[in-house]
Student: 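The structure under discussion is supplied below as structure tokens; questions concerning it will follow.
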Amino acid sequence: MSEVRVGQGLDVHTFEKGRPLFLGGVQIPHDHGLKGHSDADALIHAIVDALLGALALGDIGKHFPDSDPQYKGKPSSFFLKAAHALVTQKGWKIANIDSTVFTEAPILRPHINSMQENLSTLLELKQDQVSIKATRPEKMGALGRKEGLLAQSIVLLVKP
């Protein structure tokens, strides 16, 4: 039997007017983007945290601190590729990724396939190895008031 490791990641960002909204590396039409030092792609950040967590290497902030100006405005795909490189260097492979985005708006269903395609390409996976779901907080709390969104991700790594 192969060795396996599980990692989980969670990221939350508030909305900010005047910024584009990126999720899964795809620009989503919306009147607000996510506030952050990079492009603030909460879905990719959650996946990066899950990958790093499975390797017991800390989190995205440890590797790419928002206090470092070199990461200002960076596309989150940069962080994802770096985390994936660490997975590969340590002899692991991604078996699958399962993610959920919690947001009242925008409605993400029309964009999920594009996000899956983009993430599977970036991570050299088959599209059916990347699951993305979206759910609404039903007007409860800050997310329900459309103040931001939250993304959660779980990854399974295998060592053949």
Student: Report whether Leu150 and Ile132 are members of the same hydrophobic cluster (ILVMFWY, side-chain heavy atoms less than 4.5 Å apart, transitive linking).
Tutor: no
Student: Rounded to the nearest 0.5 Å, what separation is found between the CG atom of Leu125 and the NZ atom of Lys93?
Tutor: 10.0 Å
Student: Could you state whether Val4 and Val155 fall into the same hydrophobic cluster, counting links through intermediate Ile, Leu, Val, Met, Phe, Trp or Tyr residues with side-chain heavy atoms under 4.5 angstrom apart?
Tutor: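 No.
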Student: So if I apply the side-chain hydrogen bond (donor to acceptor under 3.5 Å, both in side chains) rule between Ser76 and each of Asp41, Asp39, Asp11, which one comes out positive?
Tutor: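 Among Asp41, Asp39, Asp11, the one that satisfies the side-chain hydrogen bond (donor to acceptor under 3.5 Å, both in side chains) with Ser76 is Asp39.
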Student: Quick check: is Leu10 connected to Ile60 through a chain of hydrophobic side chains (ILVMFWY, heavy atoms under 4.5 Å apart)?
Tutor: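 No; Leu10 is not reachable from Ile60 via cluster members.
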Student: Taking all atoms of both residues into account, what is the closest heavy-atom pair of Lys81 and Leu122, and its distance?
Tutor: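 What the structure gives for the nearest pair is CE-CD2, 3.4 Å.
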Student: Once rounded to the nearest 0.5 Å, what's the spacing between atom CD of Gln8 and atom CD1 of Ile154?
Tutor: 7.0 Å
Student: Dump the intermediate steps for side chain to side chain contact (heavy atoms under 4.5 Å, CB included) on Thr103 and Leu23, then the final yes or no.
Tutor: CA-CA 12 Å; Thr103 186; Leu23 289 172; 5.9 Å; no
Student: Do you know which two heavy atoms are closest between Val130 and Gln116, and how far apart they sit?
Tutor: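 The pair with the smallest heavy-atom distance is O-NE2, 2.6 Å.
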Student: So do Thr88 and His84 actually touch side chain to side chain, heavy atoms under 4.5 Å?
Tutor: yes
Student: Which is it for Ile94 and Gln129 under the side chain to side chain contact (heavy atoms under 4.5 Å, CB included) test, yes or no, and what are the steps along the way?
Tutor: CA-CA 8 Å; Ile94 300 170; Gln129 290 175 276; 5.7 Å; no
Student: Taking the six-membered ring for Trp, are Phe79 and Phe64 parallel (under 30°), tilted (30 to 60°) or perpendicular (over 60°)?
Tutor: tilted
Student: I'd like to know if Ile112 and Leu21 are part of one continuous hydrophobic network [Ile/Leu/Val/Met/Phe/Trp/Tyr, side-chain heavy atoms within less than 4.5 Å].
Tutor: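 Same cluster: Leu21 reaches Ile112 through Ile, Leu, Val, Met, Phe, Trp or Tyr contacts under 4.5 Å.
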Student: Taking side chain as C-beta onward, heavy atoms only, is Val87 less than 4.5 Å from Leu157?
Tutor: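 A side-chain contact exists here, since the closest heavy-atom pair is under 4.5 Å.
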Student: When rounded to the nearest 0.5 angstrom, what is the spacing between CG in Leu80 and CG in Leu119?
Tutor: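 Here the rounded value is 6.5 Å.
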Student: Check whether any side-chain heavy atom of Arg19 lies under 4.5 Å from a side-chain heavy atom of Leu34, and answer yes or no.
Tutor: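 The answer is no, as the side chains (C-beta and beyond) never meet within the 4.5 Å cut-off.
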Student: Consider only side-chain heavy atoms of I, L, V, M, F, W and Y, link residues closer than 4.5 Å, and tell whether Leu123 and Phe78 are in one cluster.
Tutor: yes
Student: Do we get Lys74 above Tyr71's six-membered ring, with its NZ or CZ under 6.0 Å from the centre and within 45° of the axis?
Tutor: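 No, Lys74 does not sit over the ring of Tyr71.
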Student: Do you know which two heavy atoms are closest between Thr135 and Phe102, and how far apart they sit?
Tutor: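 For Thr135 versus Phe102, the nearest heavy atoms are CG2-CD2, 3.2 Å.
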Student: Please round to the nearest 0.5 Å and tell me the distance separating atom CD of Glu147 and atom NE2 of His32.
Tutor: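 NE2 of His32 is found 11.0 Å from CD of Glu147.
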Student: Using a 4.5 Å cut-off on heavy atoms from C-beta on, say whether the side chain of Ser38 contacts that of His45.
Tutor: yes
Student: Write down the atom of Glu3, the atom of Trp92, and the distance for their closest heavy-atom approach.
Tutor: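 Looking at all heavy atoms of both residues, the shortest contact is O-CZ3, 3.6 Å.
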Student: Quick check for you: to the nearest 0.5 Å, what is the distance between Ile28 atom CD1 and Phe22 atom CZ?
Tutor: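 Between Ile28 CD1 and Phe22 CZ, I get 9.5 Å after rounding to 0.5 Å.
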Student: Does the salt bridge (Lys or Arg N to Asp or Glu O under 4.0 Å) test come out yes or no for Asp98 and Lys133, once each step is laid out?
Tutor: CA-CA 8 Å; Asp98 186 24; Lys133 302 173 300 294; 2.4 Å; yes
Student: Grab the two heavy atoms, one from Phe15 and one from Pro106, that are nearest each other, plus how far apart they are.
Tutor: CZ-CD, 4.5 Å
Student: Checking salt bridge (Lys or Arg N to Asp or Glu O under 4.0 Å) for the pair Arg136/Glu104: CA distance, chi angles, key distance, verdict?
Tutor: CA-CA 5 Å; Arg136 293 178 43 218; Glu104 197 69 40; 2.7 Å; yes
Student: What heavy-atom pair brings Ser99 and Leu43 nearest, and what distance separates the two atoms?
Tutor: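 Ser99 and Leu43 have their closest heavy atoms at CB-CD1, 3.5 Å.
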Student: Let me know which of Glu117, Arg109, His111 forms a side-chain hydrogen bond (donor to acceptor under 3.5 Å, both in side chains) with Asn113.
Tutor: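 Between Asn113 and the candidates, side-chain hydrogen bond (donor to acceptor under 3.5 Å, both in side chains) is satisfied uniquely by Glu117.
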Student: Is the shortest heavy-atom distance from the side chain of Ile97 to the side chain of Ile47 under 4.5 Å?
Tutor: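 SC-SC contact between Ile97 and Ile47 confirmed.
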Student: Using side chain to side chain contact (heavy atoms under 4.5 Å, CB included), reason through Leu57 and Lys90 one step at a time and then give a plain yes or no.
Tutor: CA-CA 11 Å; Leu57 293 176; Lys90 296 200 174 281; 3.9 Å; yes
Student: Are the side chain of Asn118 and the backbone N or O of Gly24 linked by a donor-acceptor pair below 3.5 Å?
Tutor: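 Yes.
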Student: How far does CG of Leu51 sit from CG of Leu86, to the nearest 0.5 angstrom?
Tutor: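 Separation between the atoms: 9.5 Å.
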